[in-house]
Amino acid sequence: MKKLMDMEILENIRIAKDVYRMKLRGEELCFSEMMAGCFLNIKVGTGSELLLRRPISIFDADEKEKTLSIIYKVVGRGTERMSGIKSGDLLNVLGPLGQGFPIQDESGRVLLVGGGVGVPPLYELGKKLKAKGMEVTTVLGFRDEESIFLREDFERLGPLYIATEDGSYGTEGYVTDAIREMDPSFDTLYACGPKAMLRTLDERYAQIKKGFLSFEERMACGIGACYGCMTETKAGLKRVCKDGPVFRLGEMKYDSVL
Ligand SMILES: Cc1cc2nc3c(=O)[nH]c(=O)nc-3n(C[C@H](O)[C@H](O)[C@H](O)COP(=O)(O)OP(=O)(O)OC[C@H]3O[C@@H](n4cnc5c(N)ncnc54)[C@H](O)[C@@H]3O)c2cc1C
Ligand code: FES
């Protein structure tokens with residue numbers, strides 16, 4: 001069950017350029033509903049600019065310790081405020097929210113594709129898929145070498161390819177360029193990142209592969225009540241926060257996002 005609760009900050013550290021990892025503890029956290037790809041809606045402050053909660057994916061969770069971690073990039077006032085939070089402070093969160101990545105029971109090869117702040121939820125997913133015996137290959141995209149995070153973590157899951165926009169590390173360009181260059185074999189695709197990246201993957205693979213894509217739409221309530229995150233899918237209008245953020249490969253309509 002999703003809960004509104006104050007969580008204690010255990011750690012909030014910088015792990016790459018403008019990127020922070022925050023560890024939080026909350027006795028009331030509901031772990032049974034926490035799929036990889038679910039998110040928290042976080043109250044970051046007061047005042048008109050900070051009125052809306054900010055959605056951030058759950059990076060990993062530890063049911064025994066009642067803790068979870070998030071990884072976020074400072075892009076505006078809300079995330080800037082988060083980066084100043086100290087250990088021992090309390091943060092009001094609503095979660096876990098949304099439909100995460102379904103984990104298929106069959107064996108096979110999976111390709112994880114993440115761009116920028118779409119990278120964190122894929123790690124928990126990758127750990128679960130590997131534990132089920134699946135072969136995991138990952139392709140991640142970042143702006144430049146200084147922005148890369150979780151490299152060693154993903155390397156532990158299997159082959160990892162990285163693309164940077166300025167070519168300072170790995171393939172120069174986007175994840176889609178690295179995929180074209182490496183041409184990895186896979187049966188199921190899981191991806192999270194900017195809409196342009198997801199659209200390219202959808203156009204390339206929807207007819208030939210199974211897969212799931214997680215979308216990062218602007219949100220308000222995060223619980224399906226305000227209809228502020230509506231998007232058009234082939235099955236009609238859906239709320240990204242409640243019906244998603246994970247949708248099946250081939251499900252989204254891109255021309256008419258509201
Ligand atoms: C389901 C979901 C999961 C997310 N998980 C993560 C995560 O794990 N780590 C992380 O760093 N970020 C994540 N995001 C994006 C994060 O919510 C935004 O970066 C954050 O809300 C920005 O707040 P701000 O006040 O700092 O920036 P603002 O001042 O609100 O915006 C700054 C810039 O970021 C853009 N932006 C703001 N919100 C979003 C959004 N929701 N989607 C796309 N662009 C946005 C704005 O257009 C603007 O250009 C997620 C978003 C969603 C919907
Ligand atoms: S953010 Fe309110 S319905 Fe999705």
Side-chain angles (χ1 to χ4, degrees), residues 2 4 12-24 34-61 68-85 91 93-101 112 114-125 140-143 147-150 153 190-199 212-233 236-247 252 257-258:
K2 59 182 168 296
L4 184 64
N12 190 23
I13 52 168
R14 185 182 179 276
I15 57 167
K17 186 167 74 179
D18 299 328
V19 179
Y20 292 76
R21 189 178 63 223
M22 181 186 277
K23 189 171 182 185
L24 309 96
M34 215 180 283
M35 295 160 79
C38 285
F39 66 96
L40 303 175
N41 216 9
I42 302 178
K43 186 168 171 53
V44 290
T46 50
S48 57
E49 267 188 82
L50 299 176
L51 203 61
L52 293 179
R53 290 171 177 267
R54 296 327 197 238
I56 302 286
S57 304
I58 296 166
F59 161 58
D60 74 0
L68 57 76
S69 298
I70 56 174
I71 291 181
Y72 62 93
K73 180 169 183 162
V74 174
V75 294
R77 277 205 60 200
T79 44
E80 170 89 58
R81 178 69 75 91
M82 284 173 67
S83 70
I85 293 175
L91 199 57
V93 310
L94 178 61
L97 301 176
Q99 310 299 322
F101 289 105
L112 307 180
V117 296
V119 169
L122 295 176
Y123 180 60
E124 184 71 12
L125 175 70
L140 304 179
F142 299 94
R143 187 158 293 165
S147 305
I148 296 173
F149 56 91
L150 300 180
D153 304 81
Y190 293 90
C192 184
K195 197 171 277 165
M197 177 193 108
L198 299 178
R199 181 180 189 151
F212 302 91
L213 309 177
S214 181
F215 288 80
E216 284 169 9
E217 201 54 65
R218 294 298 306 243
M219 288 182 184
C221 71
I223 53 169
C226 73
Y227 292 83
C229 62
M230 298 291 279
T231 191
E232 199 174 355
T233 70
L237 287 175
K238 295 213 173 166
R239 292 160 298 182
V240 175
C241 68
K242 193 168 168 72
D243 304 316
V246 175
F247 293 89
M252 197 57 74
V257 172
L258 294 176

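For the single chain, residues carry numbers from 1 onward in sequence order. Each ligand, and each atom within it, is numbered from 1 in the order the structure gives.
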Discussion item. Counting non-hydrogen protein atoms only, what is the nearest one to atom 11 (O) of ligand 1? Give residue, atom name and distance.
Written reply: Lys73 N, 2.8 Å
Practice prompt. Output the list of atoms in ligand 1 that are nearer than 4.0 Å to some heavy atom of Thr79, sorted by atom number.
Written response: 24 (P), 25 (O), 26 (O)
Fill in: Heavy-atom protein neighbour under 4.0 angstrom from atom 5 (N) of ligand 1
yes
Discussion item. Val75 versus ligand 1: do any nitrogen or oxygen atoms come within less than 3.5 Å of each other?
Written reply: no
Worksheet item: Within the structure, does Phe215 bring an N/O atom to less than 3.5 angstrom of an N/O atom in ligand 1?
Response: no
Fill in: Metal check, atom 4 (Fe) of ligand 2 vs Cys221 N/O/S, cut-off below 2.8 Å
no
Worksheet item: What atoms of ligand 1 come closer than 4.0 angstrom to any heavy atom of Phe39?
Response: 1 (C)
Fill in: Close-contact set for ligand 2 against Gly224 heavy atoms, below 4.0 Å
3 (S)
Worksheet item: Atom CZ in Phe142, atom CG in Leu150: separation rounded to 0.5 Å?
Response: 7.0 Å
Response to the item:
Heavy-atom proximity to atom 2 (Fe) of ligand 2 ranks first, among Ala225, Cys226, Pro55, Gly228, for Cys226
Discussion item. Please report whether ligand 1 has a polar contact with Gly76, defined as an N or O pair separated by less than 3.5 Å (distance criterion only).
Written reply: yes
Item to complete: Around atom 3 (S) of ligand 2, find the nearest protein heavy atom and jot down its residue, atom name and distance.
Response: Tyr227 N, 3.1 Å
Worksheet entry | Shortest protein heavy-atom distance from atom 4 (Fe) of ligand 2, along with the residue and atom involved | Cys229 SG, 2.2 Å
Discussion item. If we set the cut-off at 4.0 Å for heavy atoms, which region of Glu217 has an atom near ligand 1: side chain, backbone, both, or neither?
Written reply: backbone
Fill in: Region of Val240 that comes within reach of ligand 1 [heavy atoms, distance under 4.0 Å]
neither
Worksheet item: Got a salt bridge between Glu217 and Lys195, using NZ or NE/NH1/NH2 to carboxylate O under 4.0 Å?
Response: yes
Discussion item. Tell me the protein heavy atom at minimum distance from atom 7 (C) of ligand 1, and give that distance in Å.
Written reply: Ile71 O, 3.5 Å
Discussion item. Ignoring hydrogens, what is the shortest heavy-atom contact between Cys229 and Met219? Give both atom names and the distance.
Written reply: CB-CG, 4.2 Å
Fill in: Per atom 8 (O) of ligand 1, closest listed option by heavy atom (Ser57, Pro55, Gly118, Gly98)
Ser57
Fill in: Nearest heavy atoms of Cys192 and Pro121, plus distance in Å
SG-CG, 4.0 Å
Response to the item:
Scanning both residues in full, the closest heavy-atom pair of Met252 with Glu232 reads SD-O, 3.7 Å
Response to the item:
A student checking ligand 2 against Cys241 at a 4.0 Å heavy-atom cut-off should list atoms 1 (S), 3 (S), 4 (Fe)
Practice prompt. Answer yes or no for atom 50 (C) of ligand 1: protein heavy atom present at a distance under 4.0 Å?
Written response: yes
Worksheet item: Using heavy atoms and a threshold below 4.0 Å, how should the contact between Arg77 and ligand 1 be classified: side chain, backbone, both, or neither?
Response: backbone
Worksheet entry | Backbone or side-chain N or O of Glu216 under 3.5 Å from ligand 1 N or O | yes
Worksheet item: When rounded to the nearest 0.5 angstrom, what is the spacing between NZ in Lys17 and CD1 in Ile148?
Response: 10.5 Å
Response to the item:
Scanning both residues in full, the closest heavy-atom pair of Phe247 with Arg239 reads CZ-O, 4.2 Å
Discussion item. Tell me whether Ile70 reaches ligand 1 (any heavy atom closer than 4.0 angstrom to a ligand atom).
Written reply: no
Discussion item. Taking the side chain as everything from C-beta on, heavy atoms only, tell me whether Leu40 gets closer than 4.5 Å to Ile56.
Written reply: no
Worksheet entry | Minimum-distance pair of heavy atoms, taken over all atoms of Ile223 and Leu94 | CG2-CD2, 3.7 Å
Worksheet item: To which protein heavy atom is atom 46 (C) of ligand 1 closest, and what is the distance rounded to 0.1 Å?
Response: Arg218 NH1, 3.1 Å
Response to the item:
The reported gap from CZ in Arg218 to CG in Leu52 (rounded to nearest 0.5 angstrom) is 8.0 Å
Worksheet item: Do Met35 and Val246 touch side chain to side chain, with heavy atoms closer than 4.5 Å?
Response: no
Discussion item. Looking at every heavy atom in both Leu112 and Leu122, which two are closest together, and how far apart are they?
Written reply: CD1-O, 3.7 Å
Fill in: Side-chain donor/acceptor of Asn41 to backbone N/O of Ala220, under 3.5 Å
yes
Worksheet item: Please state which protein non-hydrogen atom is closest to atom 23 (O) of ligand 1 and give its distance, to 0.1 Å?
Response: Arg54 NE, 3.3 Å
Worksheet item: Counting from 1, what ligand 1 atoms have a heavy atom of Gly78 closer than 4.0 Å?
Response: 24 (P), 25 (O), 26 (O)
Worksheet entry | Numbered atoms and elements of ligand 1 in range of Tyr72, under 4.0 angstrom, heavy atoms | 9 (N), 10 (C), 11 (O)
Practice prompt. Without swapping roles, check the side chain of Gln99 against the backbone of Pro245 for a donor-acceptor pair under 3.5 Å.
Written response: no
Worksheet item: Would you say the side-chain atoms of Asn12 pair up with the backbone N or O of Tyr20, donor to acceptor, closer than 3.5 Å?
Response: no
